[in-house]
Amino acid sequence: MKDIQNIVILTGAGVSAESGVATFRGPDGLWEGHRVEDVATPEAFARDPALVQNFYDERRAKLKTVEPNAAHQALARLDEQWPGDLLLVTQNVDDLHDRAGSERLLHMHGELNSAWCRLCDGRSPFDGRMAADPACPRCDHHGYLRPDIVWFGEMPYQMERIERALAQCDLFVSIGTSGAVYPAAGFVQTARYRGARTLEMNLDPSEGSFHFHESRMGRAGGLVPAWVEEVLRDI
Ligand code: APR
């Protein structure tokens, strides 16, 4: 790892699976019993706001019952000790990387614990129930809060910062993501094209597995701490 300075890490639902948070694409293709199009699109929210609010309220309440696992903790340790640039880009809307202590962290698909007011356009920390129609903590109006989650058809957050980090990284690592959703699924190609080494850690090969220099298959809770150990041993 002596030739590595700048690291970009992408995580997906698989990194939180061992904490008890459901992944999106289960064997039945459903996300907690729902088709993704029925709960994770602006159209679904316009059609049936109560269903969508209840769905995310349940996911938000669930966060209070789960804890970061060994993979989140190892990545926080890497963040703390890595002397070069590091950016952890997560597709996850849970707060487990935050609670584990990662600081150089970006939630590209938004966060369950954040509310977005469609009236004042403000974002506020939020850990309650949106289905109860609370007032926006910023503008005090009712009826306008939505989950601060990037739905299908919407633009992920901070893409310019991510693209810059990908262009400058020497190592790109993807953990626990199926590689089914763009633009995140294309990060490996961008990083590799710019000369980075690329590593994937996942339970089974992702859709873009063949783009990686190296693939390690197994549970994130075992693979990630071992990899972090390897990286930190060499600095
Ligand atoms: N360790 C490592 N990988 C695991 C584990 C585990 N313990 N458990 C499951 N996985 C792997 C699965 O094999 C799968 O490849 O994690 C991946 C999870 O894939 P998805 O459920 O598709 O989740 P993700 O890739 O994060 O989804 C991307 O899709 O619905 C949207 O916006 C949503 O951010 C989400 C995006």
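Below, all heavy atoms of this structure are taken into account, side chains as well, without hydrogens, waters or symmetry copies. Order of appearance sets the numbers: ligands from 1, and atoms from 1 within every ligand.
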Under-4.0 Å salt bridge between E207 and R25: no
Which residue and heavy atom of the protein sit nearest atom 5 (C) of ligand 1, plus the separation: G14 O, 3.5 Å
For A13, the ligand 1 atoms whose distance to one of its heavy atoms is below 4.0 Å: 23 (O), 24 (P), 26 (O)
Atom 13 (O) of ligand 1: the protein heavy-atom neighbour that sits closest, reported with distance to 0.1 Å: D204 OD1, 2.9 Å
Minimum-distance protein heavy atom relative to atom 35 (C) of ligand 1: F24 CE1, 3.3 Å
Audit row: R192, E200, salt bridge (charged side-chain N to carboxylate O under 4.0 Å, His left out) steps and yes/no: CA-CA 12 Å; R192 190 166 177 167; E200 135 173 277; over 6 Å; no
Atom indices of ligand 1, in the order listed, that fall short of 4.0 Å to a heavy atom of E18: 1 (N), 6 (C), 7 (N)
Pi-cation contact, W82 with R77 (under 6.0 Å, within 45°): no
Donor on one side chain, acceptor on other, T90 and H107, under 3.5 Å: no
Polar contact flag, side-chain donor to acceptor under 3.5 angstrom, N113-D127: no
Where ligand 1 meets G218 - atom numbers and elements under 4.0 angstrom, heavy-atom basis: 1 (N), 2 (C)
Protein contact to atom 28 (C) of ligand 1 [nearest heavy atom, distance to 0.1 Å]: Q91 OE1, 3.3 Å
SB check R216 E230 (cutoff 4.0 Å): yes
Non-hydrogen side-chain atoms of N202 and I175 separated by less than 4.5 Å: no
Contact partition for T177 relative to ligand 1, non-hydrogen atoms under 4.0 Å: both
Residue and atom name of the nearest protein heavy atom (relative to atom 2 (C) of ligand 1), distance in Å to one decimal: A220 N, 3.4 Å
Sub-4.0 Å atoms of ligand 1 with respect to non-hydrogen atoms of A17: 8 (N)
For G176, atoms of ligand 1 separated by under 4.0 Å from a heavy atom: 3 (N), 16 (O), 17 (C), 18 (C)
Between H72 and S16: side-chain donor-acceptor atoms closer than 3.5 Å: yes
Shortest reach to atom 20 (P) of ligand 1 by a heavy atom, considering only S178, A185, S19, A22: S178
F152 heavy atom under 4.0 Å from ligand 1: yes
Which residue and heavy atom of the protein sit nearest atom 32 (O) of ligand 1, plus the separation: H109 ND1, 3.3 Å
For atom 15 (O) of ligand 1, the option (of N202, I149, L223) bearing the nearest heavy atom: N202
salt_bridge(K62, E67) N-O dist < 4.0 Å: no
Contact (N/O only, under 3.5 Å) between R25 and ligand 1: yes
R194 side chain reached by L166 side chain, heavy atoms, under 4.5 Å: no
Stepwise ring pair (Phe, Tyr, Trp, His ring centres under 6.0 Å) test for H34 and F55: CA-CA 9 Å; H34 293 272; F55 180 77; 5.1 Å; yes
Under 4.0 Å to a heavy atom of G12 - the qualifying atoms of ligand 1, by number: 26 (O)
N or O pair under 3.5 Å between L203 and ligand 1: yes
